[in-house]
Structures are given as C-alpha cells and as structure tokens.
**Student:** 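Structure in structure tokens, see below.
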Amino acid sequence: MAAPLYTTASGLLFHAGKILILTVGLPARGKTHISRALERYLRWMGVKTQVVSLGDYRRKTLGGAQKLPPDYFTLGEKSPETLALRKMVSEGCEQLIWDFFHAGGQVVIYDANNGTRANRQALAEKFDKEGIHVIILESVCDNKEIIETNIRNVKISSPDYRGWNPDKAVEDYYGRIRLREQAYETVEETTWPFIRIINVGEKIMVNNIRGYLKSRIVFFLMNIHNRFRMIYFARSGQSLIEHSYKADSDLSPAGWEYAERLKEFVIERRARSLEQRGFNPSDRRLVIWTSTRSRAHHTAWPFLSSSQISPIPPTISLAPDAGSAPTTTRIAHGPSLTVKVIEKPQMSEINPGVWDGLTPDQARKFYPEEWARFVKDPYAFRAPRAESYHDLSVRLEPILIELEREKEDLLIIGHSSVIRCLLSYLIGLPASEIPAIEIARGDLLEVVPTSYGVHSQAFHFWDGPGRRGEEFESGGSGKDETNFYENYAEDTKGKKRLNTLEGGIVSQSNS
C-alpha cells in the first residue's frame with residue numbers, strides 16, 4: 001500500500017461502501033493493465049483494494065496451460081474433469097473476494113473475461129444481495145496493433161507459454177481469442193452501473209456512476225493508457241547553498257558538472273534500454289519534468305544547450321482538483337534527440353518550516369517534543385510551519401495523474417522528498433517507508449510500468465561532490481547535516497534503497 005491520502009475512522013473512503021468491479025472483455029484487451037493501474041491508484045488514495053485475477057489463480061492452483069485438459073479453453077461440451085476444474089477455479093476466486101471484503105477491504109477488482117451476460121449477471125446478483133455495489137468495467141479494443149503488442153509483451157511471457165516459440169505462442173493465443181469471440185456478449189444491459197473503455201483510454205463511456213469514490217474511479221480511468229514508456233528519476237545537482245529551503249540558489253560548479261554527466265548517462269542508458277526492446281531512440285521524444293527551483297530546472301539545461309531550442313510561453317497546467325498552476329515549457333530539437341522540458345511548481349521539495357537549515361541535533365535540542373513525534377511517525381508529522389510527507393503527497397496528486405497520462409519517455413529531475421513520494425506510488429510502498437527511501441545524488445532510477453507490476457533498476461553514474469549530501473565547503477568530506485528534513489532518509493534506520501550497479505539490472509518490484 002502506498003501513501004494513504006484520505007482515510008476515515010471506519011476505514012472506508014467517504015462511507016462509499018464496498019465495491020466489486022467486474023472486468024469484461026476478450027483476451028488481450030488490457031483488462032489486467034487497467035486493473036493493476038486502478039488498484040495502485042486506489043491504494044495510494046487510502047482505499048483498501050485488491051485485484052483478484054482468475055488467470056493468476058488458475059495458474060497458481062492448476063499450473064500452466066500445458067497441465068490443463070485439452071478441452072479447458074474450447075467451446076461446447078466438456079469432460080466432467082474439466083467442468084470440475086473450471087468450477088473449482090471460479091469458486092476459489094469468489095472465496096478470495098469474500099475473504100477480502102470480510103477482512104475490511106473496500107474495493108475488489110475481479111480480473112476475468114466475464115464474457116457472457118448470464119455469467120456476469122449471476123455473479124453480480126450474488127454480491128448485490130449482500131450489499132456490495134457492483135460496477136461492470138468493459139474493455140473493448142479494435143486496434144490490432146494494441147492487441148498484438150499486448151499479446152507479445154504480456155501474454156506469451158506468462159507461465160502458460162514458458163518455453164514456447166514466440167510466434168507459435170502468439171498464434172496459439174489468437175486461437176484462444178477466436179474461440180472466446182464466438183461466445184462473447186458485449187455489455188448492453190443497464191442493470192448495473194458500467195464503464196466501457198475503448199482502446200485502453202482512447203474513449204470512455206459511463207452509465208449510472210454516482211458517488212465520490214465511483215467518480216474518482218472514472219476520473220482515473222480517463223487518464224490511463226498502455227503505451228510502453230520509460231520513466232527515469234534523478235536528483236537535481238548540488239547547489240551553492242545546500243542547507244537552505246528559502247534560498248533558491250543556483251547550481252555549484254560541481255552541480256553543473258553533475259548536470260552534464262546526467263545528460264550523457266541518461267541518453268546512453270535510455271538508448272540501450274530502448275534498443276534492447278526493439279525501439280529506435282531517435283523516433284521517441286524525451287519529456288523532462290522539474291520543479292521551478294533553480295537547482296532543479298538548471299540541471300535540465302544541458303539537455304537543451306546542444307540543440308536548437310524553441311521556447312513555449314508559460315501555459316496552464318491541467319492539474320485536476322488542485323487548482324491550475326502555471327508551467328514553463330521548452331522544446332529542443334537535435335539530430336538524434338528531441339527533448340521537452342516542463343517546470344512544475346507542485347514538484348518543489350518538502351517545506352521544513354522552522355527546521356530549515358537545522359541539523360538533527362539542533363532540531364532535537366530546540367524542539368524536543370516535536371522531534372519525538374517526528375521520529376515516531378516521519379510520514380505524518382508536520383513540524384511548525386512545515387509540510388509533512390502526507391501534505392507533500394496530497395500536493396503531488398495532480399502530478400501522479402499527469403504521470404499516468406504521459407505517453408512519452410519521462411525523466412523527472414527532482415528533490416529527494418518528491419522522488420520518494422512518486423516512486424512509492426509507482427512501486428506500492430507503505431506510507432511508513434516513504435521518508436526512509438534513500439535517494440542518493442548520482443543514481444539514476446529506471447522504472448518501467450507493465451501490466452503485471454513495475455520493474456525498477458538503479459544505476460550509479462556520479463561520485464563527485466554532493467553525492468550523499470557532503471559539505472560543499474569541505475570539499476566532499478563528511479555529511480551535510482543541514483537541511484536534514486529533505487535528506488532524512490540517509491539517517492533513518494531500516495531505510496529502503498534500490499541497490500545500484502554500473503549498467504546492470506539489480507531490482508524488480510511488483511505493485
């Protein structure tokens with residue numbers, strides 16, 4: 001579970017009741033991607049949510065497709081053994097749903113085909129009788145490119161096709177789809193509220209959706225897609241005045257060197273990752289987000305300096321629910337790289353309030369009561385005139401929606417506190433662990449969202465001054481204990497950190 005933004009004493013968001021979302025759709029239509037993305041967002045909001053996947057449960061209990069009876073996926077009459085197996089899987093999934101609701105869960109997303117009207121009607125009536133709100137979520141896709149990409153990138157990598165030739169696996173899966181098409185009935189009934197998503201976000205249709213939580217679900221689904229993209233995170237370079245939140249100081253000489261090295265490494269690493277996946281890096285634009293603080297957006301300048309720059313006047317950010325904020329956008333066109341840099345005010349670092357510039361010892365001495373509360377709960381505690389990590393997470397909510405909506409490769413050059421929150425959302429860390437994530441300057445985090453989780457890697461590229469908060473004045477020796485609120489993870493026991501290696505995959509996380 002990631003950062004809970006809104007919670008109530010009952011544990012149910014705004015007394016919205018319990019909700020069962022039944023996915024409907026033919027295979028390879030993005031149901032799993034949609035389900036996992038929605039689960040991640042609702043958990044981050046503080047809603048106890050779980051995806052129950054019929055396919056995952058079947059593979060877990062029965063094994064891959066090779067271990068199933070030959071008539072398991074075919075239409076028509078089936079053997080008694082096959083009928084018993086299918087009934088066992090279906091009832092097992094239903095029991096998982098009931099178990100989650102009885103344990104205090106609020107939303108279950110049942111990831112299955114549910115392709116016949118009679119089947120989903122019977123299932124919906126069963127839960128409706130027990131006071132569970134039912135929503136039908138249909139994913140329709142007529143884009144052949146999306147379907148084949150989904151099959152190749154997701155389906156043939158499942159245990160069902162372990163050891164298969166990729167082309168034969170694709171052919172076999174298309175056979176499954178053709179069989180399902182013969183019995184599939186699109187959602188036309190209006191008995192239950194329903195949401196229809198066409199081509200994974202290209203268009204959305206809504207019927208009889210009411211209430212805050214259900215509306216938030218629709219709002220989120222309007223902003224998702226399943227286009228492949230890379231997401232990178234890197235801290236901004238060292239500034240002349242590292243210890244002051246109020247001083248919007250420029251980069252130090254070492255900070256400028258760091259910015260140049262970051263550009264070189266990102267271009268090199270991104271090209272290698274894309275080529276390994278069969279993409280041409282020169283055909284894809286890199287979007288860079290920074291805050292409006294000097295050290296952040298100046299760290300992005302090297303990406304623009306070697307190319308022809310086309311300045312775009314400040315525009316209004318499409319930030320939902322948090323008020324619009326002006327953003328500055330610049331686009332650079334180079335022979336092998338097109339870059340778009342956007343400054344976002346919401347991405348400023350956490351405000352330390354009265355602790356600005358203090359060392360941990362000074363904060364403990366001058367504010368002993370506040371310090372004790374801070375150590376007990378670094379996520380929720382708010383120092384005088386400061387922000388808590390909870391406050392920061394609320395401030396970053398529109399950024400998360402833009403993160404889901406962004407279809408191009410993205411580099412976020414930010415402050416460690418901001419990166420902690422965004423990263424925790426993507427990989428699903430508990431809120432209590434957010435302040436303890438160490439984001440070392442000189443590490444590039446590469447995150448790739450997939451249908452079944454989020455794959456993350458960390459690469460080390462910089463050992464110069466400012467690597468881990470060293471004193472600028474001392475030439476790189478010792479810790480910079482000032483501005484500890486921004487860098488607190490470096491002093492937190494039990495910290496979570498992505499291990500780093502030069503150019504190798506070192507970490508994978510599933511949300």
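Computed from a prediction, not measured in an experiment: that's the story for all the values here. Hydrogens, waters and symmetry mates play no part in the numbers below; they use all other heavy atoms, side chains included.
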**Student:** What pair of heavy atoms forms the shortest contact from Cys421 to Leu392, and how long is it?
**Tutor:**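 For Cys421 versus Leu392, the nearest heavy atoms are SG-CD2, 3.8 Å.
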**Student:** Go through the steps for Ile217 and Leu137 under the test side-chain contact (heavy atoms from CB on, under 4.5 Å), then give the verdict.
**Tutor:** CA-CA 11 Å; Ile217 290 172; Leu137 175 58; over 6 Å; no
**Student:** Could you check whether any side-chain N or O of Asp443 sits under 3.5 Å from a backbone N or O of Ile439, counting only pairs where one atom can act as donor and the other as acceptor?
**Tutor:**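 Not a single qualifying donor-acceptor pair exists.
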**Student:** Going by the rule salt bridge (charged side-chain N to carboxylate O under 4.0 Å, His left out), which residues pair with Arg285 if we only count those two or more places apart in sequence or in a different chain?
**Tutor:**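 Scan of Arg285 (salt bridge (charged side-chain N to carboxylate O under 4.0 Å, His left out), adjacent residues dropped) gives Glu408.
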**Student:** State the CD1-OH distance between Ile21 and Tyr110, to the nearest 0.5 angstrom.
**Tutor:**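 The OH atom of Tyr110 is 14.5 Å from CD1 of Ile21, to the nearest 0.5 Å.
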**Student:** Rounded at 0.5 Å granularity, tell me how far CG in Leu403 sits from CD in Glu397.
**Tutor:**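 Going from the CG atom of Leu403 to the CD atom of Glu397 covers 13.0 Å.
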**Student:** Roughly how far, to the nearest 0.5 Å, is CD1 of Ile135 from CD1 of Ile209?
**Tutor:**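 Atom-to-atom, Ile209:CD1 and Ile135:CD1 are 4.5 Å apart.
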**Student:** Taking the side chain as every heavy atom from C-beta outward, state whether Val266 and Leu444 have any pair of such atoms under 4.5 Å apart.
**Tutor:**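 Touching, per the 4.5 Å side-chain cut-off.
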**Student:** What heavy-atom pair brings Tyr379 and Ser393 nearest, and what distance separates the two atoms?
**Tutor:**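 Looking at all heavy atoms of both residues, the closest pair is OH-OG, 3.8 Å.
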**Student:** Starting from the C-alpha separation in whole Å, work towards a yes-or-no answer on side-chain contact (heavy atoms from CB on, under 4.5 Å) for Ile97 and Phe127.
**Tutor:** CA-CA 10 Å; Ile97 297 173; Phe127 285 91; 3.5 Å; yes
**Student:** Given side chains that start at C-beta, do those of Leu68 and Phe73 come closer than 4.5 Å, heavy atoms only?
**Tutor:**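 In short, these two side chains touch, coming nearer than 4.5 Å.
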**Student:** Are Phe228 and Leu274 packed together at the side-chain level, in the sense that at least one heavy-atom pair is separated by less than 4.5 angstrom?
**Tutor:**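 The answer is yes; the side chains approach within 4.5 Å.
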**Student:** What distance do Asn119 atom CG and Ser90 atom OG have between them, rounded to the nearest 0.5 Å?
**Tutor:**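 Those atoms lie 7.0 Å apart.
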**Student:** For Ser388, is there any backbone N or O sitting under 3.5 Å from a side-chain donor or acceptor partner on Arg382?
**Tutor:**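 Judged by distance alone, no pair lies under 3.5 Å.
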**Student:** Contact between Ile147 and Arg29 at the side-chain level, heavy atoms closer than 4.5 Å - yes or no?
**Tutor:**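 Yes - at least one pair of side-chain heavy atoms lies under 4.5 Å apart.
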**Student:** Check whether the side chains of Tyr57 and Gln95 place a donor and an acceptor atom closer than 3.5 Å, and report yes or no.
**Tutor:**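 No.
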**Student:** What is the ring orientation for Trp98 with His102, classed by angle as parallel under 30°, tilted 30 to 60°, or perpendicular over 60°?
**Tutor:**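 If you compare the ring of Trp98 with that of His102, the planes turn out parallel.
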**Student:** Does the side-chain contact (heavy atoms from CB on, under 4.5 Å) test come out yes or no for Val107 and Leu213, once each step is laid out?
**Tutor:** CA-CA 10 Å; Val107 176; Leu213 182 52; 4.1 Å; yes
**Student:** Kindly indicate whether the side chain of Trp301, heavy atoms from C-beta on, has any atom under 4.5 Å from the side chain of Lys263.
**Tutor:**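 Side-chain contact under 4.5 Å: no.
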**Student:** How long is the gap from CD on Gln106 to CD1 on Ile132, to the nearest 0.5 Å?
**Tutor:**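 Going from the CD atom of Gln106 to the CD1 atom of Ile132 covers 10.0 Å.
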**Student:** Asp111 and Lys31: which non-hydrogen atoms are nearest, and at how many Å?
**Tutor:**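 Smallest interatomic distance, heavy atoms only, reads OD1-CB, 3.7 Å.
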**Student:** Does the distance from a Lys or Arg side-chain N to an Asp or Glu carboxylate O, for Glu406 and Lys344, drop under 4.0 Å?
**Tutor:**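 Lys344 and Glu406: not salt-bridged.
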**Student:** Look at the side chain of Lys67 and the backbone N and O of Leu62, then say whether any donor-acceptor pair between them is shorter than 3.5 Å.
**Tutor:**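 No; zero donor-acceptor contacts below 3.5 Å.
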**Student:** Please check this pair: side chain of Asp172 against backbone of Ala169, looking for a donor-acceptor N/O pair closer than 3.5 Å.
**Tutor:**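 No; judged by distance alone, with no hydrogens or angles, the pair does not exist.
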**Student:** Donor-acceptor check, side chain of Glu387 to backbone of Asn351, threshold 3.5 angstrom: yes or no?
**Tutor:**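 Pair found, side chain donor or acceptor close to backbone of Asn351.
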**Student:** What I'd like to find out is whether the side chain of Val187 reaches to under 4.5 Å of the side chain of Arg196, using heavy atoms alone.
**Tutor:**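 Yes. Closest side-chain heavy atoms under 4.5 Å.
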**Student:** Give me the atom names and distance for the closest heavy-atom approach of Asp128 to Val134.
**Tutor:**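 It is N-CG2, 4.4 Å.
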**Student:** Exactly one of Arg284, Arg277, Arg227 should register a salt bridge (Lys or Arg N to Asp or Glu O under 4.0 Å) with Asp409. Which one does?
**Tutor:**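 Of the listed options, the one satisfying the test is Arg284.
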**Student:** Any side-chain heavy-atom pair from Arg420 and Tyr389 closer than 4.5 angstrom?
**Tutor:**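 Answer yes - side chains close enough.
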**Student:** Supply the atom-to-atom distance Ile177 CD1 to Ile151 CD1, rounded to the nearest 0.5 angstrom.
**Tutor:**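 So the gap between those two atoms works out to 4.0 Å.
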**Student:** Kindly check if the number of other-residue, nucleotide or ligand heavy atoms within 6.0 Å of CD (Glu171) is above 12?
**Tutor:**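 Not more than 12 within 6.0 Å, no.
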**Student:** Between the main-chain N or O of Asp142 and the side-chain N or O of Asn199, is there a donor-acceptor pair closer than 3.5 Å?
**Tutor:**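 Yes, Asn199 side chain to Asp142 backbone: donor-acceptor pair under 3.5 Å.
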**Student:** Please list all pairs passing the salt bridge (Lys or Arg N to Asp or Glu O under 4.0 Å) test where one or both residues lie in residues 93-104, with sequence neighbours left out.
**Tutor:**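 For residues 93-104, and leaving out neighbouring residues, the salt bridge (Lys or Arg N to Asp or Glu O under 4.0 Å) pairs sorted by first residue read Glu94-Lys126.
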**Student:** Can you tell me if Glu138 and Thr186 form a side-chain donor-acceptor pair at under 3.5 Å?
**Tutor:**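 Glu138 vs Thr186: donor-acceptor pair found between side chains.
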**Student:** Is a side-chain N or O of Ser282 found less than 3.5 angstrom from the main chain of Asn280, in a donor-acceptor match?
**Tutor:**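 No; zero donor-acceptor contacts below 3.5 Å.
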**Student:** Could you go through Lys407 and Arg229, starting from their C-alpha distance and side-chain angles, then the distance that decides it, and tell me whether this counts as side-chain contact (heavy atoms from CB on, under 4.5 Å)?
**Tutor:** CA-CA 6 Å; Lys407 295 181 179 180; Arg229 71 301 188 22; over 6 Å; no
**Student:** Do Arg269 and Tyr232 meet the cation-pi criteria used here (NZ or CZ under 6.0 Å from the six-membered ring centre, within 45° of the axis)?
**Tutor:**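 That pair does not qualify as a cation-pi contact.
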**Student:** Decide whether Gln121 and Glu125 meet the rule of one side-chain donor and one side-chain acceptor closer than 3.5 Å.
**Tutor:**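 Indeed, the side chains of Gln121 and Glu125 share at least one donor-acceptor pair under 3.5 Å.
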**Student:** Any side-chain heavy atom of Ile34 sitting closer than 4.5 Å to one from Thr23?
**Tutor:**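 No - every pair of side-chain heavy atoms lies 4.5 Å or more apart.
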**Student:** Can you see which heavy atom on His415 is nearest to which on Arg293, and at what distance?
**Tutor:**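 Looking at all heavy atoms of both residues, the shortest contact is NE2-CG, 3.7 Å.
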**Student:** Between Ser35 and Val51, is there a donor-acceptor pair closer than 3.5 Å when you use the side chain of the first and the backbone of the second?
**Tutor:**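 The answer is no, because no donor-acceptor pair under 3.5 Å joins these two groups.
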**Student:** Looking at every heavy atom in both Ile419 and Gly414, which two are closest together, and how far apart are they?
**Tutor:**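 Scanning both residues, the minimum pair turns out to be CD1-O, 4.0 Å.
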**Student:** Measure the acute angle between the ring planes of Tyr41 and Tyr425, then classify it against the limits of 30° and 60° as parallel, tilted or perpendicular.
**Tutor:**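 Judged by the thresholds at 30° and 60°, the geometry between Tyr41 and Tyr425 is perpendicular.
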**Student:** Does a salt bridge link Arg36 with Glu39, judged by any charged N lying under 4.0 Å from a carboxylate O?
**Tutor:**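 Between Glu39 and Arg36 there is a salt bridge, with a charged N closer than 4.0 Å to a carboxylate O.
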**Student:** Quick check on Gln276: does its CD atom have over 12 non-hydrogen neighbours (other residues, nucleotides or ligands) under 6.0 Å away?
**Tutor:**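 Yes, because the 6.0 Å sphere around CD of Gln276 holds more than 12 heavy atoms from other groups.
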**Student:** Ignoring hydrogens and angles, tell me if any N or O in the side chain of Glu185 forms a donor-acceptor pair with the backbone of Arg117 under 3.5 Å.
**Tutor:**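 Yes, the answer is positive, given that a donor and an acceptor are paired below the 3.5 Å cut-off.
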**Student:** Kindly write out the residues that satisfy ring pair (Phe, Tyr, Trp, His ring centres under 6.0 Å) with Tyr72, not counting sequence neighbours, or none if the list is empty.
**Tutor:**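 Counting only residues at least two positions away or on another chain, Tyr72 forms no ring pair (Phe, Tyr, Trp, His ring centres under 6.0 Å).
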